[in-house]
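For reference, the structure discussed in these notes is given below.
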Amino acid sequence: MRKIALLFILFSQFCLAQDWVKTIIPGVGTIDFPEDAEIYDQDGTLVYKVENDDAYYFLTIVQIDERYASEIENNLDEYYAGNLEGVENATGGKVTFKENLIIDGKKAMDARISGVVNPELPSLLFKRFVYKQPFNISAEFMPKKTDELVFTELKDTFFNSLALEVRPEEASLSVEDLQPEQQAFKKGYAIGYVIGRIAFFVFFFVILGLIVFFVVRALRPKTKPQVKPKSTKKIIPTKIICANCGKDNSPEAKYCSQCGFALPKA
């Protein structure tokens, strides 16, 4: 029964994982948001934004002149350092943590910026950014919650869902060009989501039925099979021997017919 319960938990997690919305970014890759993202162009920067009760989620795509591609790729550490210094100056915060990582073969960086000076936004900013020619891709997470365990899980889910495309794509930052592909992807996702939910609930009720069956079976009191006593027939003697003289007497006789001695009851 433990194996069945474990299988049920794993399957339910797989089905419910579709609660996050996978968002396609043409020429870049995909990333998951907790809900449909608002998409807009801000002075040549393509911005994806989601705000809910937990946090702000941003993804910004900046197209860089391809004449600088070789210089940037050969000096990524300096490029990322300049990026962080620009973030500090723009937000008024301070980088308190940073580390390098690899995303689909591309060198990237994670950073934590504390003390963001903006009364309308949280004071804590997390960034994951990577250069994928010709784009600078930056995922940003600003938690509203103060429970670090809660917002760390949300941040990691958001950041770790960023996947870069390895096939060449035509570079485009046009919101209009993005919409048809985005809508087609959403329709396919919606169909997959519905199918996943149906499969989940069918599997749920099957597993629930099995669990109930085994629980009832385990709780049912065990009764030993009743053993019927063997029937014994009373043996009636055909004659009674007198203990005094040895004479054979009938079973009904009370006294010996020869010596008158009292006979035992048959």
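Every value quoted in this text rests on a predicted model; they were computed, and no experiment measured them.
Residue pairs meeting the ring-ring contact (aromatic ring centres under 6.0 Å, His included) criterion with at least one partner in residues 89-127, sequence neighbours excluded, are Phe126-Phe151. Residue pairs meeting the side-chain hydrogen bond (donor to acceptor under 3.5 Å, both in side chains) criterion with at least one partner in residues 105-130, sequence neighbours excluded, are Asp77-Lys107, Thr96-Ser114, Asp110-Arg128, Lys127-Ser138, Lys127-Glu140, Arg128-Asn160.
Separation of atoms NZ (Lys49) and OG1 (Thr60) is listed at 13.0 Å; rounding is to 0.5 Å. The CZ atom of Phe129 sits 10.5 Å away from the CD1 atom of Ile103 when rounded to the nearest 0.5 Å. Rounding to the nearest 0.5 angstrom, the gap separating the CG atom in Leu59 from the OG1 atom in Thr23 is 8.5 Å. One finds the CD1 atom of Ile39 at 10.5 Å from the CD1 atom of Ile61 (value rounded to the nearest 0.5 Å). Note that CG of Leu154 is 5.5 Å distant from CH2 of Trp20, once rounded to the nearest 0.5 Å. For the atom pair OG1 (Thr157) and CZ (Phe33), the distance works out to 13.5 Å, reported to the nearest 0.5 Å.
Smallest separation of non-hydrogen atoms from Ala139 and Ile31: CB-CD1, 4.2 Å. Considering all non-hydrogen atoms of both residues, Glu148 and Thr152 come closest at O-OG1, 2.6 Å. Taking each heavy atom of Leu164 and Asp104 in turn, the nearest pair found is N-OD2, 2.6 Å. Smallest separation of non-hydrogen atoms from Pro122 and Pro143: CB-O, 3.2 Å. Residues Val50 and Asp36 approach most closely at CG2-O, 3.7 Å, considering heavy atoms. Closest of all the heavy-atom pairs between Asn75 and Glu71 is ND2-O, 2.8 Å.
Atom CD of Glu153 is surrounded by 12 or fewer heavy atoms from other residues, nucleotides or ligands within 6.0 Å. Atom CD of Glu78 is surrounded by more than 12 heavy atoms from other residues, nucleotides or ligands within 6.0 Å. Other residues, nucleotides and ligands contribute more than 12 heavy atoms inside 6.0 Å of the NZ atom of Lys144.
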- Task: Carefully, step by step, assess Tyr48 and Ile25 under the rule side-chain contact (heavy atoms from CB on, under 4.5 Å).
- Result: CA-CA 10 Å; Tyr48 294 72; Ile25 307 110; 3.7 Å; yes
- Item | Worked verdict on Tyr80 versus Ile72 for side-chain contact (heavy atoms from CB on, under 4.5 Å) | CA-CA 9 Å; Tyr80 289 156; Ile72 292 174; over 6 Å; no
- Message: Between Phe141 and Tyr57, is the ring-ring contact (aromatic ring centres under 6.0 Å, His included) condition met? List the steps.
- Response: CA-CA 5 Å; Phe141 175 85; Tyr57 303 79; 5.3 Å; yes
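With hydrogens and angles ignored, the 3.5 Å screen pairs no side-chain donor or acceptor of Asp156 with any backbone N or O of Phe159. Of the possible polar contacts, none joining the Glu66 side chain to the Pro134 backbone as a donor-acceptor pair under 3.5 Å is found. Under a 3.5 Å cut-off, the side chain of Ser161 and the backbone N or O of Phe158 do form a donor-acceptor pair.
Comment: Lys132 does not engage Glu165 in a salt bridge, judged by the lack of any side-chain N to carboxylate O separation of less than 4.0 angstrom. The existence of a salt bridge linking Asp147 and Lys145 is excluded, since no basic side-chain nitrogen approaches an acidic carboxylate oxygen closer than 4.0 Å.
Here the side chains of Leu84 and Met109 are in contact, with some heavy-atom distance below 4.5 Å. At a threshold of 4.5 Å between non-hydrogen side-chain atoms, the residues Ile64 and Tyr131 count as touching.
Asn136 and Tyr79 are linked by a side-chain donor-acceptor pair at a separation below 3.5 angstrom, with hydrogens and angles left out of the test.
Ala81 meets the side chain to side chain contact (heavy atoms under 4.5 Å, CB included) test with no other residue; sequence neighbours excluded.
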